[in-house]
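Structure first, then comments.
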Amino acid sequence: MGEPVVKTFGILTSGGDAPGLNAAIRGVARTAITQYGMKVIGIEEGYRGLIQGKGKELAPESFSGILTRGGTILGTSREKPFKNDEINPDTGLTPVQQIKENYKKWGLDALVVIGGNGTNTTGYLLAQEGLNIIGLPKTIDNDLECTDVSFGFHTAVSVATEAIDRLHSTAHSHNRIMIIEVMGHKAGWLGLYAGIAGGGDVVLIPEIPYHIDSIATHLKERQAEGKNFSIVVVAEGALSEEESFMDKKTFKQQRKEMPYSIAYRVARELEEATGLESRVTVLGYLQRGGTPTPYDRVLATQFGVAAAHMLSRGEFGKMVTLVNGKLEGVPLEKIAGKTKRVPLDHPTLVCGREVGTCFGD
Ligand code: F6P
């Protein structure tokens, strides 16, 4: 084995936390240290720490006992350095200039960024600025382009599915419509998978604008069959057909002004349309917390190990992806600024329709 291209690299986690972040950090660092003798600089709080110079060398022991832990040992933030032009009063530098300065100061040959769309888009822009970047795909939303799956998604689907399973008891006992809101502003992967896994009667995702009348008809048909309860899974970005015709700005403003989340509106609309009692559960951050599933641990480890090998080969400007069971690096420009939404002919969606799930259209 020849000399690795990278001797020292930085690593950060950015964006919302997700189960598997620590497993990914461990995968990269252990391989980089034990296989290639690299030095690892752990950067705290995502890009904010990179701007502020919050980083230190991490000893191999730092990566012990973290595989199963939720959250991230490095901390995270939603800092977007390219959207922040606040000059540092001490150095007179912009956030991006500050990042380049710290990269040089720490003697980094490369930077591994672990996160979702925002993180990998920033990674792409930093690569354009001349930094050697490798991205890893993390998101419970599963909406990163060019990879079949991102780590964190499987765990979130399990959490949401268990919640749906538990809601069935109350739905059934009280003859109610139980509405559960899951995450997913732009893409409905989580709602779709948890909805199918939990046997949701109605699944509303951002890709399919809903008509309340279609849902009401579906629920009344269930009632006519003697099924007096229903489970409705609503992604936080679900929208009505009327809203789907709005321009982006008006829609965003309207949602900002809405004093409650979408599930509450759907509950009210369904009560009015069906006369059935309904109740809402918003799962929120429970979907991002806690121990990753074994699948996510393995996936995050595999992504991490692949990133370490890419560091050794000097394969930069790419995000690690899983396509048809194969790990490969895809240029960041193919991922930056994009969102992988659920295609309307996706087999899981089609299979949901086959078993009678109503998608609100
Ligand atoms: O990006 C993942 C995600 O879980 C979204 O589904 C959700 O809308 C968002 O994070 C909210 O996160 P925060 O409140 O931390 O910004």
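Note that ligands are numbered from 1 as they come in the structure, with each ligand's atoms numbered from 1 the same way.
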Point to revise | Cation-pi geometry met for Lys56 and Trp106 (6.0 Å, 45°) | key: no
**Study point:** Other cluster members, Leu67 - Ile/Leu/Val/Met/Phe/Trp/Tyr, side-chain contacts below 4.5 Å
**Key:** none
Check your understanding: Quick check, are the ring centers of Phe153 and Tyr193 under 6.0 angstrom apart?
Key -> yes
Check your understanding: So, Tyr47 and Gln52: side-chain donor and acceptor under 3.5 Å apart, yes or no?
Key -> no
Point to revise | Of Arg222, Arg176, His218, Gln223, the residue whose pairing with Ser230 passes side chain to side chain donor-acceptor pair (under 3.5 Å) | key: Arg222
Check your understanding: What residues sit with at least one heavy atom under 4.0 Å from ligand 1?
Key -> Arg78, Ile140, Asp141, Met183, Gly184, His185, Glu236, Tyr285, Arg288
Check your understanding: Where do Leu136 and Ala307 come nearest, in terms of heavy atoms and distance?
Key -> CD2-CB, 3.7 Å
